[in-house]
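Since the structure comes first, as structure tokens, the remarks are kept for the end.
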There are 2 protein chains.
Amino acid sequence: MNDQELAELAERFRGMLRLAVFVSRRLDGSSDLSTTQVSILNMTEGAGLRMGVVAANLGVRVPSATEQVARLERVGLVERRADPSDARAVVVVRTPRGDQAAEEANRRRTARMVTVLDTLEADELEALRAALPVMDKINEHLHTLSNPKERLS
Amino acid sequence: MNDQELAELAERFRGMLRLAVFVSRRLDGSSDLSTTQVSILNMTEGAGLRMGVVAANLGVRVPSATEQVARLERVGLVERRADPSDARAVVVVRTPRGDQAAEEANRRRTARMVTVLDTLEADELEALRAALPVMDKINEHLHTLSNPKERLS
DNA sequence: GCCTAACATTTAGGCTACCTAAGTATGAAT
DNA sequence: ATTCATACTTAGGTAGCCTAAATGTTAGGC
């Protein structure tokens, strides 16, 4: 693939990201937990994660993660525990009620997504499936790179 | 593809949408125009669009579109003209300076995306390319359906 | 021809989620 | 022991979305 083709693909892929935001908006509306909050629940299953890791996974700064976690804590879906190995750190862990809420939120959202995918042909579904690991790779690559926003303004 | 497989794909695809948000955040940071604003510039090339159509394309309510357009108007990148066929309506049109700003913003963002895609193998790029029209179809399908958020809270 | 209902947009006010900067407390290193 | 770095929280600000209500325009029924 030459530079010209790559640039063209890049441009179309940019468009796809915008569509993804649009699609998310349509699918996640009318729900008690935000996408971000469900993400936090999903990543804090089991042993839990430190606040900084939560922030990194979300792609936001630490204070933003603190805020979301605080909100989830207020409604009893996660807990903040002291990290035994480092008294500065905090470990975010899902509570049993958090487990339940996560399970339900995921089920509902997945069901809604199924109704969308149901309108696609078999080969289209296959194309989606094939693209998933590529997105994962892109994501992984970006994780190793830059920080969140760092606005210029 | 049976129901079980479809549900599994749906779940993974949900994850991909979340990644898309993450990737957007990394790629669109440090820029003078927001993704939404660039989208507006891109869609108002030429004849322009009515405010309601801008909102629908963005997947937001009309007042939100008004706000973004007002911001772009303030810096001289778009104009609001009266619709000759309907005095209630407004047509949003890109100005020459808007043309220039759109061209530059697109170039910069695409360049950044190219550096990401550059880390992928040929078959991975092909998988992305194949998924693009499918995303378009999903998007089109959602456009024909529901409205924006309509939060329950 | 008028009146009412529907429509396109703006204005006003509110909330969420992000940001930076600064403060607190702990850890590590000289 | 002091100093610098790290992990997090608090405080304050902004962007972008929302709903509800106000304004002006069009279209249909009588």
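Only a predicted model underlies this, so the values are computations on that prediction, with no experimental measurement involved. Throughout, protein chains are lettered first and strands after them, A, B, ... in sequence-line order, and every chain is numbered starting at 1.
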Open item on the list: Between A/Arg108 and A/Asp32, does any side-chain N to carboxylate O distance fall below 4.0 Å?
Closed with: yes

Task: Least distance between heavy atoms, B/Leu33 atom then B/Ala105 atom - done: CD1-CB, 4.5 Å

Task: Protein-nucleotide distance (B/Arg50, atom CZ; C/dC7, atom P), rounded to Å - done: 12 Å

TODO: Could you tell me the separation between the CZ atom of B/Arg61 and the P atom of D/dA20, rounded to a whole number of Å?
DONE: 10 Å

- [ ] Give B/Asp86 one of three labels, base, sugar-phosphate or nothing, depending on what nucleic acid heavy atoms sit under 4.0 Å from its own.
- [x] sugar-phosphate

Task: Lys/Arg-Asp/Glu bridge criterion (N-O < 4.0 Å) met for B/Arg129, B/Glu126 - done: yes

Open item on the list: On DNA chain D, compare the nucleotides closest to A/Ala89 and A/Pro63; which residue's is nearer the 5' end?
Closed with: A/Ala89

Open item on the list: Within residues 65-82 of chain A, which residues have any heavy atom lying less than 4.0 Å from an atom of DNA chain D?
Closed with: A/Thr66, A/Arg80

TODO: With DNA chain C as reference, determine whether B/Gly52 or A/Ala87 sits nearer its 5' end, using the nearest nucleotide of each.
DONE: B/Gly52

- [ ] Step through the shown structure and confirm whether more than 12 heavy atoms of other residues, nucleotides or ligands are within 6.0 Å of CD on B/Glu5.
- [x] yes

Task: N or O in side chain of B/Ser34 less than 4.0 angstrom from D/dG16 OP1/OP2 - done: yes

Task: Nearest heavy-atom neighbours spanning A/Gly46 and A/Val93 - done: O-CG1, 3.5 Å

Open item on the list: Once you apply a heavy-atom cut-off of 4.0 Å, does B/Val62 come out as touching a base, just sugar-phosphate, or nothing?
Closed with: base

TODO: Verify the contact: side-chain N or O of B/Ser64 to OP1 or OP2 of D/dC18, cut-off strictly under 4.0 Å; return yes or no.
DONE: yes

- [ ] Could I get the full list of side chain to side chain donor-acceptor pair (under 3.5 Å) partners for A/Asp83, not counting sequence neighbours?
- [x] A/Arg50, A/Ser85

TODO: Treat each ILVMFWY residue as a node, draw an edge where side-chain heavy atoms are under 4.5 Å apart, and state whether A/Ile40 and A/Leu49 are in one component.
DONE: yes

TODO: Scan residues 35-44 of chain A against DNA chain D and write down, sorted by residue number, each residue with any heavy atom closer than 4.0 Å; if none is found, say none.
DONE: none

- [ ] Inspect the surroundings of CD in B/Glu8 and state if more than 12 heavy atoms from other residues, nucleotides or ligands are less than 6.0 Å away.
- [x] no

- [ ] Kindly indicate whether the side chain of A/Arg88 and the base of D/dT6 share any N or O donor-acceptor pair separated by less than 3.5 Å?
- [x] yes

Task: B/Glu104 (side chain) donor-acceptor with B/Ala101 (main chain) under 3.5 angstrom - done: no

Task: Rounded interatomic separation in angstrom, taking CE from A/Met51 and P from C/dA25 - done: 17 Å

